[in-house]
Amino acid sequence: MMSDPIVQVFSKCVPLVAADQVVEIEVEQTLSADSTLLLHAAPSKVKVKIDGPRLQLTPDDVAGVYPAPGSTESPDEFLPHVALSRRTLPWERTGPQAGAPWLALMLFKESELKTPEESKNAPKSSLESTTVQDVQAKDPKTYNKLTGTLGLATSTPLNVLYVRNSTLQPVLPKIDELEYLCHMKRKTENGVNHDVAIVICNRLPDAGSANTKPEIHTAVLVSLEKRSELFTDPTWFADPNALTALVVLHHWTFKPSRGGDFEQVMQAISYRPNGGVLRFGNLPKDVAAGQIAPLSGNFAGLLDKYGFFLDPLPHSQPGNVTYRGPLRPFPTPQRSAAFAIRSAPEEFDNPDPNTPLDYSHAAAFEIGRLLAASDPGVLEDIRDIHLIHDVMDVPAAINSLPPALQKPDWVSNPAWHEEPWQFSPTESLIKDQSMLLQKGVGDVTGMDEQIGQWGQIVLQDLGGMAEPAVPPAVLIDIGTVTDDVLTETFGEVMNAAMS
Amino acid sequence: MYDPINSKSGVQAASDWLSGFGVSETADGLTFAPPGPSLFGSAVGMPDRLRNWLIDLRLLRRIPLCYLVPDDALLPAESIRFFHLDPTWVDRVIDGVFAMASTGTVDFAFNCTLLAMVREALDNDLIDIAKQQVPGTSWTPATGITGVLIRSELTRRWPDMSVRAYANLDPDALITMPVLRAETVSKDIYIALFAGEPAMVEIAEPNVGIRFGVESADPNTSAPPYKVDRRNPDGSSPNTTPIEVELWSQSRRTLKIKQLATDIDPGNPSSRMVALHLEQRPYVQEFKSTRPESRGSVPLPVDQNGDLQPIQLSGGRSVRLDELKTRLLQLQELEEGA
C-alpha cells in the first residue's frame, strides 16, 4: 500500500568535501581464505579531486524552475526559484564569504538589460556565450577575478550577463541574505528519498501598471564564487554606467501576470458583472420586482424548471418550436426505456398551434446520425457488432469412452442389452467369463460363427477327396540327358510352361 | 428439390417479428420501440474503437457545445454553472448513431434487439470508469449524472486544475464520488461530470510543485506592503498574525530576506523557516450544497460614496475588484446608450 509522501526542509546540505578539493584516501587490501592469507596489498594513498558544476549546468542538473520558461500567467507576487538535482550544489564552493552559498538567483526586467533602441532589435539576448578572455574588454575587474582568484584559463568558455552597476547594485542580494535564499528539500516516497537544492530569488517580478504590458523578465542563476568584492568593495559600483559581468549557470525568461492568482480569480467570479456561481439557467441578476424567480435563488433566469427556454430561441421552422439540450437545472425524469429507431418528421406536420413542438430529442437523434455519418470508421465498426450467444454448459454426463468402445451390443443377448434390469432374478448380471468364449460372444471378427457354419462342410469335402496318383520316381543320368529325353519325360511340364 | 421449411420470405419474417415490438410514434419526431427480448444472446460484442466512441458520446464529448449550451447567456464570461444531465437526451444520440446503419427492415429488427444490449454494455462501461476512480462506489447510471461548466480565465490560465466531488460534508469522513470527466472544452471553458449529485465539489489550483511568494497586506490593492502567513516548524498554520515582509526598494521589489528570517525566529533565523513561510500552497475552492444559492452572485460591495469595499480572502488578502468596477460602469454605459 503506497503511503503519503513525507516532505522535509533543511537549511543547508553541506558536502563532506567541497568541489575542487583534493582528498587523500588510504587504501589497504587484504584477501584471505579461511585463515590463510592469500594477498596483502600494502597501504597506498589515492588522491581524489571532487568535481562539480562551476560555470554552467546541464539540463539534468536542473530539476525545475518557477515560473515555467515562457510562462505568462504567474502572478507577480510569486518569487522565481530554481530546483537543482544536486542537493549540495549551492554549498559545494566558497561563496562571497565563509559559510555563504556561492549561487544566487537574480531577476532582471528587459528594460534593465536593454535600452529601448536595443529592444527594437530584439530578439538579441543580453546573455553572451563567450570566453574568459573576452570578458576583459567589458569588465576587466571581473576578468582579473576569474583568472586570478578562480584560476580559470583565458580560453575557458562561459556564459556571461553584463549588467550596469546602476541596475545591479540595488537588486543584488545582501551578503548576509544569501544563506536564507538557499535550502534543501527532501521528499520521501515509498522509502525513497528525492533531494533537491532550491535557490529562491530575492526579488518579486513586476507586472507593471494597468496601462502597460508586463515586461519580459530574465531569471539568471549566477556564480558568486569568491566574489566578495561585489559586497565588500565600496569602489566596485562607483561608476554606475560601468558593466559588471555575472557568470550565468542557468537562465530562463517569463512574463508575470497582473491578473491575480487562482484564488483571486475564483473569488471574483461571484461578484457582478461576472457570471457568478449559479444553477444552470439562472442569470447573474436579481429577478425583477414583483416577479417570481423562474428557477431558484431569486435570480432572473433563461430557463424554466424543466429546462425549456422562457423565450424560445429564434428558429426557422414554422410553429411553436422549442429545444432544450441535455443540461437541466433540476433532476430529470426517469430515463426512458424505449429506443428511437427512426426519425419521424411527419409528426411535426399540421401541428396544434397551442402545443409546442419539442425538437430536443429529434435533434439529439440527428446529432447522433450526423456524427456517425461523419466518421467512416464508426459506420465500419457498427457492421462488426454482433451478438454473443450463450455458451452451452459443458455436459457433465458424457461417456468419455471412444465410440468404438461404446458399442452397446458387446453381448448379443437382446434381453440383456435392452432391459438388463428385467433379467431373471435368479440370474446375475455379472456373468462368468467363460460365457465370453461362447459362440458369438467376444468374437468381434465373426470367424467363430463362420467356422461353425462352414467348417464341417469343408472337412467333409476335404476328407472325401481321393488321394492324387503319384507316379514312381525315375532316376535320371545327367550325363545322358538330352533335349529329346527331357521333352519325352516332362512333356506335360514343357507344354504347361510354353502355354 | 426440397420443400421449403418456411413459406415466408426473409423480409416478411422480419416484419412479422418487428410487429411484435409495438413500434410507436410519439409527438417528438421519433419512432420508438420498447426494449425487445434478448432472444439470441446474452451480450453484445463491438469493436473497442466504437465502444470508446460511444462512451465519449455518453460523456458529452464530440457533441458541439452549441447543443449543450444553446444560448451564450447560459454560460457568460467568468461564470460557473452546475447542472443535471438528461440521460434520455444522450440515449437519443446513441440511437441516432445506430439508426445511421439501418438500411432496411432487417436492420430495423436487428436494432430493436441490439440497442438494449448496447445501452446495457455502455452503462456497465460507465460503472467501470466510476469504479476505477472510487473502487467501492455503488453508482449506476440510474442514479444520474450531474456536472459543472466553468467559463473563466481560470480555464485559460490553469487548464490543469483538478476537480473533486464528495457525497457528504463531514471533513473527517469525506466520501469521494467518481468524476467521470474533467477537462477543458475550449480555451476558456471547462466541464466536469460527476457520478451522482455531490454534496461538495472542490476545484483546486493545479499542483505545479513548490511556489514561493508573498501576499499583499493592503486589502484594497495588490501593492506592498506584503506579508506571509505564520507557519509552525512542521509546516502547519497556527492562524496567528501574519508576518510583514519589508522591501529594500518598492520600485525594485527586492525583499528584506534576513529581516524576514529574524522576524520569524529572532533567536534562530534559518533558511528552512524562510522557505516554509514563503511557500504558497495550491488554493482549493469548495462549493457546498448547503450554501445559499443567493450568494453565488452578489453586487460589488461599495459604500455610500461609491468606493469599493475590501473583500477579504484567506490570510487577510483581497480580491482585485477595481477592474470589475470599471467593467460594470462600461456595461451600464452601454445599456444606457442602448
Side-chain angles (χ1 to χ4, degrees), chain A residues 9 11 73 77-79 170-171 176-177 180 183 200 203-204 260 262-269 271-278 280 284 296-297 325-328 331-332 335-342 344 347 358 361-362 364-365 367-369 372 381-382 384-390, chain B residues 25 28-35 40-43 45-47 50 67-68 76 78-81 83-89 92-93 95-97 100-101 115 153-154 157 205 211-214 252-254 257-258 261 270-272 274-275 283 285 293-294 296-297 299-300 319-320 328 331:
Chain A
V9 180
S11 293
E73 303 300 344
E77 296 163 338
F78 287 172
L79 292 164
V171 302
D176 55 0
E177 289 183 335
Y180 301 111
H183 65 276
I200 305 175
R203 186 184 181 192
L204 289 167
F262 188 89
E263 182 185 1
Q264 289 173 332
V265 176
M266 177 69 78
Q267 289 292 327
I269 288 177
Y271 294 92
R272 299 170 191 172
N274 281 343
V277 182
L278 302 174
F280 189 76
S296 60
L327 309 186
R328 305 292 166 78
T332 58
R335 183 186 191 186
S336 169
F339 303 89
I341 52 179
R342 77 171 186 90
E347 294 173 2
D358 186 359
H361 289 167
F365 189 84
I367 290 171
R369 282 170 43 87
D381 287 345
I382 286 178
D384 290 337
I385 287 184
H386 54 277
L387 296 174
I388 298 174
H389 298 288
D390 295 329
Chain B
E25 295 183 345
D28 59 357
L30 295 171
T31 300
F32 287 92
F40 303 113
S42 60
M46 68 177 93
L50 176 64
Y67 292 99
L68 305 179
E78 297 303 314
S79 65
I80 296 176
R81 295 289 182 268
F83 58 85
H84 294 262
L85 183 63
D86 179 17
T88 303
W89 194 98
R92 296 295 163 254
V93 177
D95 295 344
V97 170
M100 191 63 206
L115 288 174
E153 184 184 1
L154 290 172
R157 293 177 59 188
E205 188 176 6
R211 298 173 307 170
F212 301 99
V214 297
R252 305 290 183 175
R253 294 169 67 79
T254 47
I257 294 296
K258 184 177 180 184
S270 64
S271 66
R272 67 180 286 267
V274 169
Y283 177 72
Q285 176 67 52
E293 281 194 50
S294 56
S297 176
L300 282 174
V319 178
R320 295 183 191 177
L328 179 61
L331 285 174

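Naming: A, B, ... by sequence-line order, numbering from 1 per chain. All values derive from a computational prediction rather than experimental measurement.
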Task: Most contacts with chain B, counted as non-hydrogen pairs under 4.5 angstrom, among A:A364, A:G368, A:P326 - done: A:P326
Task: Pairs of heavy atoms under 4.5 Å with chain A: top-ranked of B:L85, B:V274, B:I257 - done: B:I257
- [ ] Verify, without hydrogens or angle tests, whether B:E153 (side chain) and B:E78 (backbone) share a donor-acceptor contact under 3.5 angstrom.
- [x] no
TODO: Against chain A, work out which of B:S294, B:G213, B:G96 has the most heavy-atom pairs shorter than 4.5 Å and name it.
DONE: B:G96
Open item on the list: Heavy-atom cut-off 4.5 Å, strictly under: side chain, backbone, both or neither for A:I200 against chain B?
Closed with: side chain
Open item on the list: Only pairs of heavy atoms separated by less than 4.5 Å count here; which of A:V277, A:D176, A:D384 has the most with chain B?
Closed with: A:V277
Task: Option that, when pairs with chain B are counted at under 4.5 Å, heavy atom only, ranks first among A:P331, A:G297, A:A372 - done: A:P331
TODO: Would you check if the side chain of A:N274 reaches a backbone N or O of A:A268 as a donor-acceptor pair within less than 3.5 Å?
DONE: yes
Task: Taking every non-hydrogen atom, the tightest pair across A:L278 and B:S297 - done: CD2-CB, 3.9 Å
Task: Closest approach of B:S79 to A:G275 (non-hydrogen atoms, all atoms of both residues) - done: CB-CA, 3.6 Å
TODO: Quick one: which of B:R252, B:R81, B:K258 has the most heavy-atom pairs under 4.5 Å with chain A, could you say?
DONE: B:R81
- [ ] Can you label the angle between the B:F212 ring and the A:H183 ring as parallel, tilted or perpendicular, going by 30° and 60°?
- [x] perpendicular
Task: Member of B:V97, B:V93, B:D95 meeting the side chain to side chain contact (heavy atoms under 4.5 Å, CB included) criterion with A:F365 - done: B:D95
